[in-house]
Amino acid sequence: SNSDRPAGTRFRGTMRIQLAGLLCLVSLAEICLGHTQGWSRLFEDEISEFHDEELSWELGGGDVPSWLQGRYIKNGPARLNFPNQTRFYTNWMDSWGKLHSFTFNGPQVTFSGKILEPPLYKATLAAGDLVPSTTLSGLTPTDWTLAERAEIATMYATQTAYDNQNVLPVKLGETYIAATDWPMVTYFDPDTLETLGVEHPKPVSSGQCAHWIKEPGTANTLNFQMHLGILGTSFHLYRWKPEDTYREPEEIAHFTPELDSVIHSFSVTETHALFFFYPFVPNIAAMWAHNFHAFEVMEWHEQDMEVAVISLADGHVDRFHAPPTFSAHHANAYNLEDGKFVLDLCPTAYLNFAEYMLIENIAYPPEESVANVTSSEHFTRYIIDVPNESITPQSFESPEEFPQFNQFDFPTINEEYRGKEYCWVYGWVALDYARHTLIKRNVCGQGGEKMFSLEDQYYGEASFVPNPEGVEEDDGVLVTIGFDGPREQSYLLLLNATDMTQIDRAYTQHIVPFSFHGIFFQ
């Protein structure tokens, strides 16, 4: 695979890329050189608050569908710096979270933005400097003192050591929350983006999943928590019905896993939840020695992973071992016959988990960097066979003109096909830090792969919004935020999800800092 090539390897030859209907011939060697005009602006603080600013479409908005009704909310890092700062974060994901929302009424769209304000953010703001808390990576030039570490340790008992929920927005019943893999939620008002408070699980917990997932065919939402007990860590799969509160879900199943794995997403079919317990595990006992920096205690164990297949109807659990992989993002899964399941995911090199987001790496990438710096490995299908306790990986063909096509991450689908047999997945390819391509992949082997990429334009994950009158799975619109490097300006981008051509774009007066996840709420 390309990720196995040594550092400095350059891809040579030519490729053809179809860009909005234009056929361009581009040298692959050029693709892997630094094309980073305006890129570092995406990592500057953007703390301004604004509400309902009207946006104008560059092409007039005439092709923006009238059925596009709802709100696209993006969550992500936005603030690293404070007035009296004596030490600094080193990881972009430690930057404090900000919500940006785009409210659609057909072609009419308004734009709002506001920093999330959980308790630790307010304390940091009041101090003008970083206050004791868990972070993902280390601080510079000095780290927490012994007394500050002791303070953080006491915060674990009350589950208040971390509250920077800067990854995903989620709708839970009629409430909106901001989420990460840390076991807590931050409530916010979707109209004003006002922070309404935070809440922690009833039992002391060490993990939860950033990617809450809908239970197919219902209005319910699924997630898990890792609970800390006297006898070790227990895994609990929960169902939240629309009327359930965060602290009072319905338990589907629980068991003691062999590994307290990092699980950033999982899969669901119409009948089962599917989990891979990767041998990539936080060593909680090492947190004190590592100043409570979570990424520093992640350890890879040279052993098999554990597969768990959980019945959503009765909580029955099948568990068995399989050769290990690691992935942040599952794409989708569905049932086959006779106790078999399909699970599609984006494997990632675990070694890159912490390094990729270090500010010195991501904000100021070298002029020449290794192709596929994100270490995304080839999109993989696993056939899970419960009766035979086995999994079989299958790969997908890459178009000849774009060998890295399958090395995408941040997969999104038409959510109406969640847990069901499907054909289309959309993803994000980064050939180096700042060379982004949005792709459309057919997982049914029928062809029709498409891609969208423009020079010095940077993108995040693209969310699929289905046409309510649509018949085909890919009849809809992709919504994402782009950044125009030469103009140093963010914009709302709409793509036709069928042919990956641009419908229109609307520039904003505020930069939306670099982030990945956004959700369209209809």
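We're numbering straight along the sequence, starting at 1.
- Note: Thr90 OG1 to Leu136 CG = 9.0 Å, rounded to the nearest 0.5 Å.
- Here OG of Ser453 is found 11.0 Å from OH of Tyr458. Values are rounded to the nearest 0.5 Å.
- Checking Glu397, His378, Glu449, Arg441 one by one against Asn406, the side-chain hydrogen bond (donor to acceptor under 3.5 Å, both in side chains) holds for a single residue, Arg441.
- With a 6.0 Å radius and a threshold of 12 heavy atoms from other residues, nucleotides or ligands, Gln446 has its CD atom above the threshold.
- Using the six-membered ring where Trp is involved, Tyr459 and His436 have ring planes that are tilted, between 30° and 60° apart.
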Next item on the list: List the steps and the verdict of side chain to side chain donor-acceptor pair (under 3.5 Å) for Tyr187 and Glu199.
Entry: CA-CA 8 Å; Tyr187 294 97; Glu199 210 164 22; 2.5 Å; yes
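- The backbone N or O of Trp424 sits less than 3.5 Å from a side-chain atom of Glu473, completing a donor-acceptor pair.
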Next item on the list: Decide yes or no on side-chain contact (heavy atoms from CB on, under 4.5 Å) for Glu472 and Asn467, but give the supporting numbers first.
Entry: CA-CA 9 Å; Glu472 300 298 326; Asn467 178 351; over 6 Å; no
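- Looking at Glu44 and Arg79, no side-chain N of the basic residue comes within less than 4.0 Å of a carboxylate O on the acidic one, giving no salt bridge.
- You'll find the side chain of Leu438 stays beyond 4.5 Å of the side chain of Leu478, heavy atoms only.
- Residue pairs that meet the disulfide (SG to SG under 2.5 Å) test with at least one member in residues 448-522, sequence neighbours left out, do not exist here.
- Partners of Cys423 according to the disulfide bond (SG atoms under 2.5 Å apart) rule, which considers only residues two or more places apart in sequence or in another chain, are Cys444.
- Using a 30° and 60° split on the angle between ring planes, Tyr356 and Tyr433 fall in the parallel class, below 30°.
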Checklist line | Residues Leu312, Val268; criterion side-chain contact (heavy atoms from CB on, under 4.5 Å); working and verdict | finding: CA-CA 9 Å; Leu312 297 174; Val268 65; 3.7 Å; yes
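- Under 3.5 Å, the side chains of His211 and Ser265 contain no donor-acceptor pair of N or O atoms.
- Distance check: Thr110 OG1 to Asp52 CG gives 4.5 Å after rounding to the nearest 0.5 Å.
- Using modelled atom types, one finds a donor on one side chain and an acceptor on the other under 3.5 Å when comparing Ser48 with Glu46.
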Checklist line | Candidate pair Trp182 and Asn164, rule side-chain contact (heavy atoms from CB on, under 4.5 Å), full reasoning | finding: CA-CA 9 Å; Trp182 197 266; Asn164 184 12; over 6 Å; no
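- Relative ring orientation between Phe514 and Phe43 is described as tilted, the plane-to-plane angle lying within the 30° to 60° band.
- The side chain to side chain contact (heavy atoms under 4.5 Å, CB included) with Phe188 is formed by just one residue from the set Leu99, Asn75, Thr175; it is Leu99.
- For Asn91 (side chain) and Met93 (main-chain N/O), a donor-acceptor pair under 3.5 Å exists by modelled atom type.
- Not counting sequence neighbours, the partners of Phe224 by the ring-ring contact (aromatic ring centres under 6.0 Å, His included) test are Phe235, Phe275.
- Within 6.0 Å of CD on Glu53 lie more than 12 heavy atoms contributed by other residues, nucleotides or ligands.
- Summarising the local packing, CD of Gln394 is surrounded by more than 12 heavy atoms from other residues, nucleotides or ligands at distances under 6.0 Å.
- Side chain to side chain, Asp484 and Tyr507 meet the donor-acceptor criterion of an N or O pair below 3.5 Å.
- Of the possible donor and acceptor atoms, none in the side chain of Thr195 sits under 3.5 Å from a partner among the backbone N and O of Gly197.
- Summarising the geometry, atom OG belonging to Ser463 is positioned 9.0 Å from atom CZ belonging to Phe521; distances are rounded to the nearest 0.5 Å.
- Using a 4.5 Å heavy-atom cutoff, the side chains of Ile519 and Leu168 are in contact.
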Margin query: salt bridge (Lys or Arg N to Asp or Glu O under 4.0 Å), that's the test. Do Lys214 and Glu415 meet it? Break it down for me.
Written below: CA-CA 9 Å; Lys214 289 292 181 203; Glu415 286 294 330; over 6 Å; no
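- Nearest heavy-atom pair across Met500 and Leu495 is CE-CD1, 4.3 Å.
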Next item on the list: Could you check Phe104 against Gln69 for side-chain contact (heavy atoms from CB on, under 4.5 Å), going step by step and ending with a plain yes or no?
Entry: CA-CA 5 Å; Phe104 289 84; Gln69 306 279 337; 5.9 Å; no
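- In this pair, Phe516 and Trp428 present their aromatic rings perpendicular. The plane angle is above 60°, beyond the 30 to 60° band.
- Between Trp240 and Tyr246 the shortest side-chain heavy-atom distance falls below 4.5 Å.
- Side chains of Asp163 and Trp96 form a contact here, defined as non-hydrogen atoms less than 4.5 Å apart.
- Although no hydrogens or angles enter the test, the distance criterion places no donor-acceptor pair under 3.5 Å between the side chain of Ser398 and the main chain of Gln404.
- By the neighbour-count criterion of 12 heavy atoms within 6.0 Å, atom CZ of Phe50 is densely surrounded, having more than that number from other residues, nucleotides or ligands.
- With sequence neighbours left out, Thr180 forms a side-chain hydrogen bond (donor to acceptor under 3.5 Å, both in side chains) with Gln165.
- Looking only at side-chain heavy atoms (C-beta outward), Val425 and Asn332 stay at 4.5 Å or farther from each other.
- When atom types are taken as modelled, the side chain of Ser261 and the backbone of Tyr278 share a donor-acceptor pair closer than 3.5 angstrom.
- Looking at residues two or more places apart in sequence or on another chain, you find a side chain to side chain contact (heavy atoms under 4.5 Å, CB included) between Glu360 and Leu358.
- Looking only at side-chain heavy atoms (C-beta outward), Glu355 and Ser137 stay at 4.5 Å or farther from each other.
- Side-chain atoms of Leu55 and Tyr491, non-hydrogen and from C-beta on, never get closer than 4.5 Å to each other.
- Looking at Leu59, Leu68, Leu494 one by one, the single match for side chain to side chain contact (heavy atoms under 4.5 Å, CB included) with Ile503 turns out to be Leu494.
- No donor-acceptor distance shorter than 3.5 angstrom exists from the side chain of Asn496 to the backbone of Thr501, with no hydrogens or angles considered.
- Taking the charged nitrogens against the carboxylate oxygens, Asp191 and Arg71 do have a contact shorter than 4.0 Å, which makes a salt bridge.
- Pro365 is not listed as a side-chain neighbour of Asp432, based on a closest heavy-atom distance of 4.5 Å or more.
- When the ring-ring contact (aromatic ring centres under 6.0 Å, His included) test is applied to Phe102, the partners found at least two apart in sequence or on another chain are Phe111.
- With respect to Lys241 and Asp244, a salt bridge is recorded, a charged nitrogen being found less than 4.0 Å from a carboxylate O.
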